[in-house]
Amino acid sequence: MNWTKLTDVAQLDAIDAASRVKPILIFKHSTRCSISSTALARMERGWAADMNAGHATYYLDLLRHRTLSNSIAERYGLEHESPQVLVISQGKCVYSASHLAITHQDVAHALAA
């Protein structure tokens, strides 16, 4: 996967704007959590190379950027979880999953909707 690091709250405005053209994926990852590492590995293994051209993907290290993670939760009306995957479309979160409920198939379906 071609991750763009999510490090600044200003990037959320760009994500919202880009999501008006096509859905955007955000993966919130805790680098100290084995469940988070497992969910990330499952996403990366299932991601097809052709999806890199079709969808922007953002990776948030929430231990380094906890304030940004909280801003995401507030902005999209979600409870903070880790790991957590979000699909943003039309400036709104249209899909979220956390922990081992994160599956490549469900994310791909949400991105295609």
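Note that this is a predicted model, so its numbers are computed, not measured. The analysis underlying the following values was restricted to heavy atoms, covering all of them including side chains, and did not include hydrogens, waters or symmetry mates.
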Check your understanding: Taking side chain as C-beta onward, heavy atoms only, is Arg45 less than 4.5 Å from Leu40?
Key -> no

Exercise for review: Assess the side chains of Asp106 and Thr103: does a donor N or O sit below 3.5 Å from an acceptor N or O?
Suggested key: yes

Point to revise | Distance-only donor-acceptor check, side chains Ser69 and His80, under 3.5 Å | key: yes

Exercise for review: Carefully, step by step, assess Ile102 and Met43 under the rule side-chain contact (heavy atoms from CB on, under 4.5 Å).
Suggested key: CA-CA 8 Å; Ile102 297 170; Met43 280 293 301; 3.9 Å; yes

Check your understanding: Given side chains that start at C-beta, do those of Asp16 and Arg75 come closer than 4.5 Å, heavy atoms only?
Key -> yes

Check your understanding: Do His99 and Pro83 have side chains that get closer than 4.5 Å, going by heavy atoms?
Key -> yes

**Study point:** Test side-chain hydrogen bond (donor to acceptor under 3.5 Å, both in side chains) applied to Ser36 and His29, step by step
**Key:** CA-CA 6 Å; Ser36 190; His29 176 55; 2.6 Å; yes

Check your understanding: Just how far is it from atom CG of Leu100 to atom CZ of Arg42, taken to the nearest 0.5 Å?
Key -> 5.5 Å

Review point. Is there a side-chain contact between Tyr59 and Asn2 (heavy atoms, below 4.5 Å)?
Key: no

Review point. When you look at CD of Gln90, are more than 12 heavy atoms from neighbouring residues, nucleotides or ligands closer to it than 6.0 Å?
Key: yes

Study note, to complete from the structure: Heavy-atom closest pair (Cys93 atom, Tyr95 atom, distance to 0.1 Å) is SG-O, 3.2 Å

Review point. So, the side chain of Gln84 versus the backbone of Glu79: is there a donor-acceptor pair under 3.5 Å, distance only?
Key: yes

**Study point:** Thr57/Phe27 under side-chain contact (heavy atoms from CB on, under 4.5 Å): CA gap, chis, key distance, verdict
**Key:** CA-CA 8 Å; Thr57 57; Phe27 190 95; over 6 Å; no

Review point. Hydrophobic clusters join Ile, Leu, Val, Met, Phe, Trp and Tyr when side-chain heavy atoms are under 4.5 Å apart, directly or via other members; which others share one with Leu62?
Key: Leu6, Val9, Leu12, Ile15, Ile24, Ile26, Tyr58, Leu60, Leu63, Leu68, Ile72, Tyr76, Leu78, Leu86, Ile88

**Study point:** Qualifying salt bridge (Lys or Arg N to Asp or Glu O under 4.0 Å) pairs with a residue from residues 56-65, counting only residues at least two apart or across chains
**Key:** Asp61-Arg64

Revision key, fill the gap. Value for OG (Ser71) from NE2 (His65), rounded to nearest 0.5 Å, stands at 12.0 Å

Check your understanding: Within a strict 4.5 Å, meaning less than it, do heavy atoms of the His55 and Leu25 side chains meet?
Key -> no

Review point. Quick check: does any side chain N or O of Gln11 sit under 3.5 Å from a backbone N or O of Asp8, one acting as donor and the other as acceptor?
Key: yes

